[in-house]
Structures are given as C-alpha cells and as structure tokens.
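Data block below; observations after.
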Amino acid sequence: QVQLVESGGGLVQAGGSLRLSCAASGRIFSINIMAWYRQTPGKQRELVASITSGGITNYADSVKGRFTISRDNAKNTVYLQMNNLKPEDTAVYCCTANIRASDYWGQGTQVTVSS
C-alpha cells in the first residue's frame, strides 16, 4: 500500500557530496517520523538521521555537521544531503517512514565513498 522509492546513491570520492531522495507513495494520510538508516556488512543498522513531522531533526554523532535531513511534506519526500563524505560513510542507505502506526522501508540505495 505504501512504497518508498529512493534515489541519489552512487560512487563519490572522499570530500564529495550526494543528495539522497526518498518519495513515499500509496495510501498515505500523514507521515510521522521519517528517517535514514545505513547498513554495512557485518555491522548493525545505524540510524543516520531522523526528522519528525514537525521538523525536529536528530543526527548520529558521526554525521553531525556534514549531513542534513529535510522533508517536503507536499511531496511526501525526505532528503538527505550528505557533504564532506568519508569512506566510512559507505553503506546501503535506506529510508523509512512511519505511517499510521506502521513503518515502511525503501529498497535502499548504495553509497560508496572512495579514498
């Protein structure tokens, strides 16, 4: 019923920037918290950033000052602007949205940062 489609991942050199987008579609009344997670092999999934419907943001310490999460409620879209990327940022980035007490996940988009 709800689909999240992500885009913007890719290969970038250290110090570069990427902007991830995630658009929700389907039966959406309202979206509560939207967030970006990242997953690397052998590591626990990590919350990168989140944003509430009211615009309150939260960031992992490792990305503070470099990443910015935002949302366009009219488009049901969440963004993650990633600046000053580091090799350790390499991961599959997934967006999630809480809609009517259920969590929905995107398919994930690969971000690879070369040294």
Side-chain angles (χ1 to χ4, degrees):
Q1 291 185 327
V2 176
Q3 294 175 299
L4 301 179
V5 180
E6 302 162 358
S7 62
L11 175 65
V12 65
Q13 62 181 275
S17 298
L18 287 172
R19 183 177 183 247
L20 306 183
S21 300
C22 176
S25 62
R27 293 187 177 182
I28 301 172
F29 176 71
S30 63
I31 304 177
N32 300 124
I33 295 176
M34 302 186 79
W36 289 93
Y37 287 78
R38 63 188 181 188
Q39 179 76 62
T40 57
K43 298 183 178 66
Q44 200 83 336
R45 185 171 59 196
E46 176 187 22
L47 175 64
V48 178
S50 65
I51 182 168
T52 70
S53 59
I56 300 173
T57 59
N58 188 52
Y59 298 92
D61 288 340
S62 59
V63 306
K64 285 182 178 178
R66 300 188 298 119
F67 291 10
T68 302
I69 188 170
S70 61
R71 61 193 286 172
D72 185 337
N73 292 326
K75 296 181 178 180
N76 292 321
T77 300
V78 63
Y79 306 93
L80 185 67
Q81 178 66 46
M82 304 184 294
N83 298 325
N84 301 315
L85 283 162
K86 304 175 181 179
E88 51 263 42
D89 294 320
T90 296
V92 175
Y93 285 71
C94 298
C95 68
T96 184
N98 180 262
I99 303 171
R100 299 177 66 84
S102 296
D103 292 327
Y104 298 88
W105 291 83
Q107 78 284 1
T109 184
Q110 177 70 46
V111 172
T112 302
V113 185
S114 62
S115 301

Work out which heavy atom in Ile51 is nearest to a heavy atom in Ser70; give both atom names and the distance.
-> CD1-CA, 4.0 Å

Taking every non-hydrogen atom, the tightest pair across Cys95 and Val78 | CB-CG1, 4.3 Å

Closest approach of Ala35 to Ser50 (non-hydrogen atoms, all atoms of both residues) = CB-CB, 3.7 Å

Student check: side-chain heavy atoms of Glu6 and Tyr93 closer than 4.5 Å = no

How long is the gap from CD1 on Ile56 to CD1 on Ile69, to the nearest 0.5 Å?
-> 13.0 Å

Exercise: identify the closest heavy-atom pair between Ala97 and Ile31 = CB-CG2, 3.8 Å

Please examine the side chains of Arg38 and Ser62, heavy atoms only from C-beta on, and report whether any two atoms are closer than 4.5 Å.
-> yes

Where Val111 and Gly9 come nearest, the two heavy atoms and their spacing | CG2-CA, 4.2 Å

Drop me the distance from Ile33's CD1 to Arg71's CZ, to the nearest 0.5 angstrom.
-> 9.0 Å

Spacing of Leu4 atom CG and Ile28 atom CD1 [to the nearest 0.5 Å] = 7.5 Å

Test Phe67 against Leu18 for side chain to side chain contact (heavy atoms under 4.5 Å, CB included), laying out the working first.
-> CA-CA 10 Å; Phe67 291 10; Leu18 287 172; over 6 Å; no

Between Asn32 and Ser53, is a side chain to side chain donor-acceptor pair (under 3.5 Å) present by the stated rule, with each step listed?
-> CA-CA 5 Å; Asn32 300 124; Ser53 59; 5.0 Å; no

Kindly compute the distance separating CZ (Arg45) from CD (Gln39), expressed to the nearest 0.5 Å.
-> 7.0 Å

Under a 4.5 Å cut-off applied to non-hydrogen side-chain atoms, are Thr90 and Gln110 in contact?
-> yes

Heavy-atom pair with the smallest gap, counting every atom of Ala49 and Leu80 = CB-CD1, 4.2 Å

Does the side chain of Met82 come within less than 4.5 Å of Val12's, by heavy atoms?
-> no

Shared hydrophobic cluster for Val48 and Tyr79 (ILVMFWY, side-chain gaps under 4.5 Å) = no

Separation of Glu88 CD from Thr40 OG1 (nearest 0.5 Å) | 11.0 Å

Could you walk me through whether Lys86 and Asp89 pass salt bridge (Lys or Arg N to Asp or Glu O under 4.0 Å), step by step?
-> CA-CA 5 Å; Lys86 304 175 181 179; Asp89 294 320; over 6 Å; no

d(Thr68 OG1, Arg66 CZ) to nearest 0.5 Å is 11.0 Å

Path from Val113 to Tyr59 over hydrophobic side-chain contacts below 4.5 Å = yes

Glu46, CD atom: more than 12 neighbouring heavy atoms under 6.0 Å | yes

Look at the side chain of Thr96 and the backbone N and O of Trp105, then say whether any donor-acceptor pair between them is shorter than 3.5 Å.
-> no

